[in-house]
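Notes for the one structure printed next.
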Amino acid sequence: MPRRKRTGDILADLTDSQREAVCYGEGPLLVVAGAGTGKTRVIIRRIASLLDRGVPPDRVVAMTFTNKAADEMRRRVEALVGKDVYVSTFHSFCARLLRTEIAHIGRDPSFTICDRADSVRIIRRIVKDRELDPATFAPRDILAYVAVRKDRIRSPQDCAEQAIGIVERTFADVYGRYEEALAANNALDFDDLLLKTLEVFRRRPEVLQEYQNAYLHVLVDEYQDTNLPQHLIARALQGKHRNITAVGDPDQMIYSWRGARLENLMEFEEDFPGAHVVTLERNYRSSANILRAASACIQRNVFRREKTLLTEREAGERIVAGEFADSFAEGRWVAEKVNELMDGGLRPADIAVFYRTKQQSLPLEDAFAALALPHQVVDSIGFFERREIKDVRAYLQLLVNPRDNQSCLRIINTPRRGIGARTVAKLQAEAQRRKQCLIEVVRDGAELDWLGPRAKNAVTSFWQLYERLSSLKRATVAELIRKLLDATDYVGRQPAEERADAQEIVDLFVGYARQYDRNSPGGGLIGFLQQAVLVSDVDGWNARADAVPFMTLHSAKGLEFDAVFLVGLEEDILPHRRALEEQIQGSEDAALEEERRLFYVGMTRARHRLFITCAHKRVVRGREETVAPSRFLDELPQECLVRDEESVASAGSAQDFARDMDRVLKRKRASLRILDDEGDGELACGVRVSHPGYGDGEIVEVSMLGKRRIVRINFDAHGVMSFLLAGDDAAPA
DNA sequence: TAAACCGTTGTTTTT
DNA sequence: CAACGGTTTA
């Protein structure tokens with residue numbers, strides 16, 4: 001049993017302001033905490049302090065931005081006072097609440113949570129059914145429209161009433177049909193998790209009261225990035241005891257495109273009268289040089305409340321700026337610098353590389369592979385969106401929620417079992433006619449005389465498969481997935497070139513399920529699916545792995561490293577072109593300022609060393625394009641910077657490098673085809689392969705980089721080249 | 001029915 | 001460049 005710490009430990013190493021926030025008693029509390037001022041520490045110590053003062057652990061609830069942050073917070077509180085508190089994201093909290101309460105608003109608790117791709121598919125279907133022009137009514141645009149309305153709690157009826165012109169009226173109409181489709185499938189999208197929770201609270205005050213009674217204290221981290229529904233949920237929960245603690249930093253608001261409202265933080269004192277405000281301005285993280293540059297950058301923003309970060313740290317090393325001919329040269333330079341830092345004693349996990357967009361990871365991966373440097377692309381969402389995983393999830397989802405036609409459609413002929421598009425269309429029409437769900441029609445397949453004998457056979461055997469899997473629902477999730485893969489011969493029926501890849505992916509998923517079974521006994525299949533859809537990118541990052549993490553600036557929020565590389569400081573990338581086009585609240589400045597905050601978040605993650613780079617050429621849409629250095633570079637105080645003189649020299653050799661290390665082979669469609677098929681589909685020395693770009697060749701060397709393989713191939717026409725076979729560092733640990 | 005082929009299109013960040 | 005949708009062909 002962990003040793004119970006005394007109050008002294010909880011308050012150890014805190015400054016006066018931090019202590020003020022930690023020890024504050026009853027009533028609303030706002031902690032405005034600049035970057036690196038010990039924000040997370042304050043919230044953790046405050047929870048510990050509350051428990052130490054006798055608040056029962058089950059009467060505290062804390063909200064974080066990601067599941068990883070939630071786990072971390074729970075763990076650290078536990079380490080401090082030996083008690084377990086409920087820490088969650090808003091979305092997970094709402095999903096859990098709705099599993100027990102959604103019946104109050106006439107919905108079924110076995111609902112499916114659909115991700116963005118599912119939502120797009122539903123909208124695409126509606127656009128098609130209504131025979132709308134897909135250019136004017138692009139499903140993605142409509143979904144964006146819907147998301148914005150939901151963030152502002154606007155119903156389809158509201159939107160229809162306020163719509164101006166035929167186009168907007170049509171958007172509102174599709175929104176309405178989208179809601180109907182979700183209801184028919186017994187599905188909720190991400191926003192619905194928040195909205196339906198609010199609806200339960202509104203329509204059933206007695207239910208809200210139960211929660212208000214239960215929670216004596218509500219704490220919310222990253223308040224600057226909460227949207228209106230989240231703000232209202234937090235406000236509702238603290239309604240009785242009025243003990244809300246909100247922690248945030250306006251300068252780090254980077255999710256306005258997802259409805260984040262700075263007003264939640266800025267107008268906190270009006271929303272929660274009598275709120276006490278504590279401001280933390282002393283930075284303990286970054287060297288003076290880094291902090292000075294970051295402050296100079298953020299001070300360019302006009303829409304902000306003046307706040308100065310102080311440090312007592314020494315100046316430290318200057319920020320190193322590098323400029324390169326192209327992103328390959330940039331990547332190689334980063335890899336070389338990382339190598340030097342590691343020689344100097346830094347561990348890979350003390351270093352991080354940040355970029356604006358995920359696709360920027362590719363040249364970096366190549367460069368790190370070339371130097372055999374351990375790295376990990378932080379992208380778990382990518383893993384869960386892989387076709388194989390989505391297929392398996394659809395099977396499981398259909399077992400939990402038979403009304404999930406979306407999932408049913410996905411797997412009814414996956415793998416191919418002879419239920420073609422025509423048959424599916426007939427089944428759908430029948431379902432519509434009978435006002436039943438698809439799987440019910442499948443169940444009655446044997447009696448449908450308008451089905452041909454072959455189709456009927458296929459439909460019946462699909463129903464038998466479904467029943468067989470249904471009977472296994474009580475097994476562990478890992479076991480269920482294994483049986484499902486077995487029963488469908490899922491991997492064996494993949495195209496030969498993709499089989500090995502598919503096997504690897506599903507094995508990883510089984511491993512992930514096994515871990516879930518171990519960690520969440522009693523969580524059930526529903527809990528598993530919920531966890532798998534509500535993942536964030538950083539959730540899959542194994543911070544204890546000895547690898548340099550690559551991640552987006554958005555994912556980097558809340559983290560810190562000894563050394564940080566910020567790559568791709570180019571116009572149209574950072575600030576991103578699309579972002580500037582968005583024009584938040586009709587103002588291009590607001591959008592630019594958000595991009596600047598993103599840059600600021602990136603810089604302030606660094607403790608000692610900061611490297612900022614840009615390239616003159618970048619591969620966009622498969623074409624090499626010339627790009628200009630970011631305007632943000634000019635905004636940095638020159639005295640904090642030192643230009644790397646090697647960067648100019650190494651620029652010329654980029655092409656050699658690109659030639660030597662072709663590119664990461666994408667997993668989706670392996671571009672290496674094995675020619676002699678006496679082997680068992682393995683890439684080994686001596687095996688002849690074919691590459692779409694370089695023709696035929698022979699494998700001369702296979703080596704490992706972590707879990708990933710590097711294959712050197714001697715092409716008949718082009719000589720020796722190396723390939724990094726995409727592995728699965730994206731898989732959650 | 002399913003594989004193979006062709007043309008279009010999109011192009012940020014993510015719970 | 002790749003992902004997707006639609007068409008053609010076996």
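Chain letters run A, B, ... following the sequence lines, proteins first and then strands; every chain starts at 1.
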What N/O pairs connect the protein and nucleotides 5-8 of chain C at under 3.5 Å? Give each pair on its own line.
{"from": "C:dG5", "atom 1": "OP1", "to": "A:Arg124", "atom 2": "NH1", "distance (Å)": "2.9"}
{"from": "C:dG6", "atom 1": "OP2", "to": "A:Lys128", "atom 2": "NZ", "distance (Å)": "3.3"}

Does [X] have any side-chain hydrogen bond (donor to acceptor under 3.5 Å, both in side chains) partners at least two apart in sequence or in another chain, and if so, which?
{"X": "A:Asn67", "answer": "A:Ser92, A:Asp539"}
{"X": "A:Asp192", "answer": "A:Lys150"}
{"X": "A:Thr64", "answer": "none"}

Calculate the interatomic distance between [X] atom [atom1] and [N] atom [atom2]; express it in whole Å.
{"X": "A:Arg121", "N": "C:dA3", "atom1": "CZ", "atom2": "P", "answer": "14 Å"}
{"X": "A:Asp141", "N": "B:dT9", "atom1": "CG", "atom2": "C1'", "answer": "13 Å"}
{"X": "A:Lys426", "N": "B:dT1", "atom1": "NZ", "atom2": "C1'", "answer": "12 Å"}

**OP:** Identify, with sequence neighbours excluded, every residue that meets salt bridge (Lys or Arg N to Asp or Glu O under 4.0 Å) alongside A:Glu595.
**Re:** A:Arg356
**OP:** Report the residues that fulfil ring pair (Phe, Tyr, Trp, His ring centres under 6.0 Å) with A:His616, sequence neighbours left out, ordered by chain and then residue number.
**Re:** none
**OP:** Under the ring pair (Phe, Tyr, Trp, His ring centres under 6.0 Å) rule, collect the residues that match up with A:Phe599, sequence neighbours excluded.
**Re:** A:Phe632
Original post:
So what's the dot-bracket for DNA chain B: Watson-Crick or G-U pairs under 3.5 Å, [ ] if a pair crosses, | if it pairs off-strand?
Top reply: ||||||||||.....
All N/O pairs under 3.5 Å across the protein-nucleotides 2-6 of chain B interface:
{"from": "B:dA2", "atom 1": "OP1", "to": "A:Gly418", "atom 2": "N", "distance (Å)": "3.1"}
{"from": "B:dA2", "atom 1": "OP2", "to": "A:Asn413", "atom 2": "ND2", "distance (Å)": "3.1"}
{"from": "B:dA3", "atom 1": "OP2", "to": "A:Arg416", "atom 2": "NH1", "distance (Å)": "2.3"}

Please tabulate, for side-chain N and O atoms in residues 451-461 of chain A, each donor-acceptor pair with protein atoms closer than 3.5 Å (sequence neighbours left out).
{"from": "A:Lys456", "atom 1": "NZ", "to": "A:Ala446", "atom 2": "O", "distance (Å)": "3.4"}
{"from": "A:Thr460", "atom 1": "OG1", "to": "A:Lys456", "atom 2": "O", "distance (Å)": "2.4"}
{"from": "A:Ser461", "atom 1": "OG", "to": "A:Ala458", "atom 2": "O", "distance (Å)": "3.1"}

**OP:** Output every pair passing ring-ring contact (aromatic ring centres under 6.0 Å, His included) with a member in residues 114-146 of chain A, not counting sequence neighbours, ordered by first then second residue.
**Re:** A:Phe137-A:Phe171, A:Tyr145-A:Phe171
**OP:** Supply the atom-to-atom distance A:Leu98 CG to A:Phe93 CZ, rounded to the nearest 0.5 angstrom.
**Re:** 9.5 Å
Original post:
Has A:Arg422 got more than 12 heavy atoms of other residues, nucleotides or ligands less than 6.0 Å from its CZ?
Top reply: no
Subject >> Aromatic ring proximity, centroids under 6.0 angstrom, A:Phe65 and A:Phe90 >> reply: no
**OP:** Indicate for each nucleotide in nucleotides 10-15 of chain B, in 5' to 3' sequence, whether protein heavy atoms under 4.0 Å reach the base (B), only the sugar-phosphate (S), or nothing (-).
**Re:** BBBBBB
Subject >> Aromatic A:Tyr600 / basic A:Arg597 pairing, under 6.0 angstrom, 45° off normal >> reply: no
**OP:** If the plane angle is over 60° it's perpendicular, under 30° parallel, otherwise tilted; pick one for A:Tyr512 and A:Phe528.
**Re:** tilted
